[in-house]
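Data first, discussion second: the structure below is written as structure tokens.
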Protein chains: 2
Amino acid sequence: MPHRGKTSSTDRLFGALANPTRRDILDLLLDGEQTVQTIADRFDMARPSVSEHLRVLRDTDLVREEQRGRHRYYAVHPEPLVGVRDWLSPYERYWRARLTDLGEVLDDLAGGEQP
Amino acid sequence: MPHRGKTSSTDRLFGALANPTRRDILDLLLDGEQTVQTIADRFDMARPSVSEHLRVLRDTDLVREEQRGRHRYYAVHPEPLVGVRDWLSPYERYWRARLTDLGEVLDDLAGGEQP
DNA sequence: ACTATAGGTAGGGAAAATCCTACGCGTCAA
DNA sequence: TTGACGCGTAGGATTTTCCCTACCTATAGT
């Protein structure tokens, strides 16, 4: 019985990732912290809209900001993504065939259990 | 430049997973295929609404249906989730510290590259 | 003090998502 | 064939999301 009280943190996590712009922002920040304006310049979208996306990411703790002077530097904070990985893990055994890099090593290690 | 044409398959994938009911349906189907009615019984929601969620999952190929008699059996089809895993992978190096089961083995295997 | 820059917030409108009830069609059992 | 069951789809109401244009505050520099 998937009883669902209000909005779990997992809900907000997946909700945050549902938007392509927000995923792109995270990808962008993989290269290092950036200011709001610098981020906004990369998107075909008004700066306040980017600010709102950043707020969603902040609320899910996927990014963190640090004020320095009159700039706010946003940096990616990937820990919450563990929630995605955890949700994903029960499904992983299904695609044992087509794994990416690391996983393959593991598969060899574990030995096949599938004839 | 995160140019975005229409709606990528990744968008639809994350979009499908954004809904808690749909994630719950997938989790439910991990235990094996089920008919629509059986699935619907698990949720506090009208059956047609569940049908719509199933359609979204079908459109993203996350579930597959097989008609047998007058029943339609839905089964989880996790391959598309590779897209999530792939999107996630650049972030994984960040949480090397707190890994889940399998990952830990791998980490030990690979040897630390962090002093 | 005054102006320019950086960026958050408010209010609103359009579009998409979510859920419902009503209905239609195919399949099984009498 | 008739009726009940299993499910998908249509249309509609409500909510949420997404983006915009003001607008406001704070810091930096002159």
Side-chain angles (χ1 to χ4, degrees), chain A residues 2-26 28-29 33-75, chain B residues 2-26 28-29 33-75:
Chain A
H3 71 98
R4 196 158 286 287
K6 287 293 179 184
T7 328
S8 77
S9 74
T10 303
D11 287 359
R12 282 184 294 105
L13 177 60
F14 277 92
L17 298 180
N19 184 285
T21 299
R22 286 193 289 267
R23 289 198 309 279
D24 285 342
I25 289 175
L26 290 176
L28 185 60
L29 294 181
E33 59 177 18
Q34 305 225 0
T35 66
V36 177
Q37 189 59 56
T38 311
I39 296 168
D41 287 346
R42 301 286 229 116
F43 296 90
D44 185 24
M45 185 182 297
R47 185 199 42 80
S49 303
V50 171
S51 263
E52 283 171 35
H53 284 305
L54 287 171
R55 177 168 51 180
V56 173
L57 293 172
R58 239 187 300 127
D59 288 348
T60 50
D61 203 28
L62 283 165
V63 299
R64 289 188 168 175
E65 60 133 282
E66 184 190 345
Q67 183 147 14
R68 291 208 293 274
R70 56 180 156 176
H71 295 272
R72 278 159 198 256
Y73 288 87
Y74 278 86
Chain B
H3 70 99
R4 194 159 286 288
K6 287 292 179 182
T7 328
S8 77
S9 75
T10 303
D11 287 359
R12 281 183 296 106
L13 176 60
F14 277 92
L17 298 180
N19 185 286
T21 299
R22 286 194 289 266
R23 288 198 310 280
D24 285 342
I25 290 175
L26 290 176
L28 185 60
L29 294 181
E33 60 176 17
Q34 306 225 358
T35 67
V36 176
Q37 189 59 56
T38 311
I39 296 170
D41 288 345
R42 301 285 228 116
F43 297 89
D44 185 25
M45 185 182 298
R47 185 199 42 79
S49 304
V50 172
S51 262
E52 285 171 34
H53 284 304
L54 287 171
R55 177 169 50 180
V56 173
L57 293 172
R58 239 186 302 127
D59 289 348
T60 50
D61 204 29
L62 282 165
V63 300
R64 290 187 167 175
E65 59 134 284
E66 183 189 347
Q67 183 146 15
R68 291 208 293 274
R70 57 179 156 174
H71 296 271
R72 279 161 198 253
Y73 288 86
Y74 278 86

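In what follows, chains carry the letters A, B, and so on, assigned in the order in which the sequence lines appear, proteins first and then strands, with residues in each chain numbered from 1.
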Whole-Å gap separating [atom2] ([N]) and [atom1] ([X]):
X       : N      : atom1 : atom2 : value
A/Leu57 : C/dG8  : CG    : C1'   : 15 Å
B/Glu66 : D/dG8  : CD    : C1'   : 18 Å
B/Asp59 : D/dT9  : CG    : C1'   : 13 Å
B/Ile25 : C/dT18 : CD1   : P     : 11 Å
A/Asp24 : D/dC19 : CG    : P     : 11 Å

**Study point:** ring-ring contact (aromatic ring centres under 6.0 Å, His included) partners for A/Tyr74, two or more places apart
**Key:**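 Partners of A/Tyr74 under the ring-ring contact (aromatic ring centres under 6.0 Å, His included) test: none.
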**Study point:** Any B/Leu62 side-chain heavy atom under 4.5 Å of B/Val56 side chain
**Key:**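 The answer is no; the side chains never approach within 4.5 Å.
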Exercise for review: Please list all pairs passing the salt bridge (charged side-chain N to carboxylate O under 4.0 Å, His left out) test where one or both residues lie in residues 45-61 of chain A, with sequence neighbours left out.
Suggested key: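 Residue pairs passing salt bridge (charged side-chain N to carboxylate O under 4.0 Å, His left out), neighbours aside: A/Asp61-A/Arg64.
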Review point. How would you label the contact of B/Tyr73 with the nucleic acid (heavy atoms, under 4.0 Å): base, sugar-phosphate, or nothing?
Key: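 Contact class for B/Tyr73: none.
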Check your understanding: Are OP1 or OP2 of D/dC18 and a side-chain N or O of A/Asn19 less than 4.0 angstrom apart?
Key ->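 Yes.
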Check your understanding: Between D/dC7 and B/His71, is there an OP1 or OP2 to side-chain N/O distance shorter than 4.0 Å?
Key ->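 Indeed, a polar side-chain atom of B/His71 lies that close.
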Exercise for review: Ignoring the backbone of A/Tyr74, work out which of D/dC19, C/dG8, D/dT9 is nearest its side chain.
Suggested key: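 Within the option list, the nearest is C/dG8.
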Check your understanding: If the sugar-phosphate is the primed atoms plus P, OP1 and OP2 and the base is the rest, what is the B/S/- string for nucleotides 21-30 of chain D, using protein heavy atoms under 4.0 Å?
Key -> BB----BS--
